[in-house]
Amino acid sequence: MALDVRIVTPRKVAWEGKADSVQAPGALGEFGVLPKHIPYLTTLVPGPVTVHTGEGKVRFTVGVGFAEAGPDRVTILTESCEAV
Amino acid sequence: MASLRDIRTRIASVKSTRQITNAMKMVAAAKLRRATESATNARPYQQALTSTIQRVAAGAGDVEHPLLTSRQAVVRVAVCVVGSDRGLCGGFNSNRDRRVEEFLKAQRAEGKEIILRTFGKKPRDFLRTRGWDSVNENGIVSARFQGTVQAMSDFLTNGFEAGEFDEAYVCYNAFKSTLTQIPTISKVLPLAITATEAASVDYTYEPNGAEILGTLLPLYLRTILLQAFLENEAGFFASQMTAMDNATRNASDLIDRLTIEYNRSRQAAITRELIEIISGAEAL
């Protein structure tokens, strides 16, 4: 089972794909999402986002925004996102 | 009748005008494609943000947030006009400016004080000559408008929260299609959020619904403004393209007419010369 991950900015969809887990900087601290996570919504502070896919890690630096997680998906909306 | 040489010069000059308008049309078409593309790219973000905000607002119940609160007495209104820096785009600017002026007059008639801010040289010049003072003027800085949108949202949020004005409006051309842009005046502050039915799943909010909403609302405002700028840009290029297409067609018509006139007067000159030769020969 994998997560459908989308990282969306006002300019474009920065990243989209399947992943095993996602780490992101939430307002109350860094958090990780694995499959079957409870429905969860948090704001993001600027910081690093790591997406673990089968082939390895993809890293991004995101700006303010928020993340929405569910059992099988993670959506990150942010004003800016740069691949590291 | 104009001399042959006059007509020839005119044809040449209209031809070079046509070349310019045609080139401008092509450039506008290319830029229009880019502008609509970035408007399309912005859509997933807007949709996701809007639906999340609606869901959070529904889940959080009665939320109080300064940006959402309407004031009872509206004394001052802020009006932001988004236009273009350059012209040669048909009625793009003048249609909107006319609506804006009507709107401003109506607001003033209701006794409201107006704080005007323009983005783009064209609306600035128009409103200034009509005697509307604007507090602050910005050119349109493209680079996908990040700085401009930021400046505008700072101006609006700070002014609104500090009570410098009680309502804010944004005027721009909504992009319906390449041929139609609709001058639009929309109220951006206080923000209107329609809470949808609460989602079937219960979300865990962190920190909590109200605080999330507080973070999301400025993002939401910026998205609305960005939308206005993107549509305005797409509309500008669309309307420039249409205007230049018309100009090119008019130039072609004019060239056709001038060519006919040229041929006629050439014919007339030849006939006249023939008559002169014949009558000269007959006289002998």
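Note that the coordinates shown come from a computational prediction; the quantities given were computed from them, not determined experimentally. Computation of the quantities below employed the complete heavy-atom set of this structure, encompassing side-chain atoms and omitting hydrogens, waters and symmetry-equivalent molecules. Numbered from 1 within each chain, the chains take letters A, B, ... in sequence-line order.
- A salt bridge is absent between A:Asp4 and A:Arg73; no separation between the charged side-chain nitrogens and carboxylate oxygens falls under 4.0 Å.
- When heavy atoms are compared at a cutoff of 4.5 Å, A:Glu79 approaches chain B by way of both its backbone and its side chain.
- For B:Ser177 and B:Thr180, the side-chain atoms include at least one donor-acceptor pair closer than 3.5 Å.
- Ranking B:Thr40, B:Thr215, B:Ile212 against chain A, the residue ahead of the rest is B:Ile212, based on heavy-atom pairs under 4.5 Å.
- For chain B, the nearby part of A:Ile38 is the side chain; its heavy atoms alone come within less than 4.5 Å.
- Salt bridge B:Asp166/B:Arg76: absent, no basic N to carboxylate O contact under 4.0 Å.
- The aromatic rings of B:Phe92 and B:Phe236 stand perpendicular to each other, their planes meeting at an angle above 60°, with 30° marking the opposite boundary.
- Nearest heavy atoms, B:Lys122 versus B:Asp97: O-OD2, 4.1 Å.
- For a residue to count as touching a neighbouring chain, one of its non-hydrogen atoms must lie under 4.5 Å from one of that chain's; by this rule B:Arg43 does not touch chain A.
- Only the backbone of A:Thr9 comes within less than 4.5 Å of a heavy atom in chain B; its side chain stays farther off.
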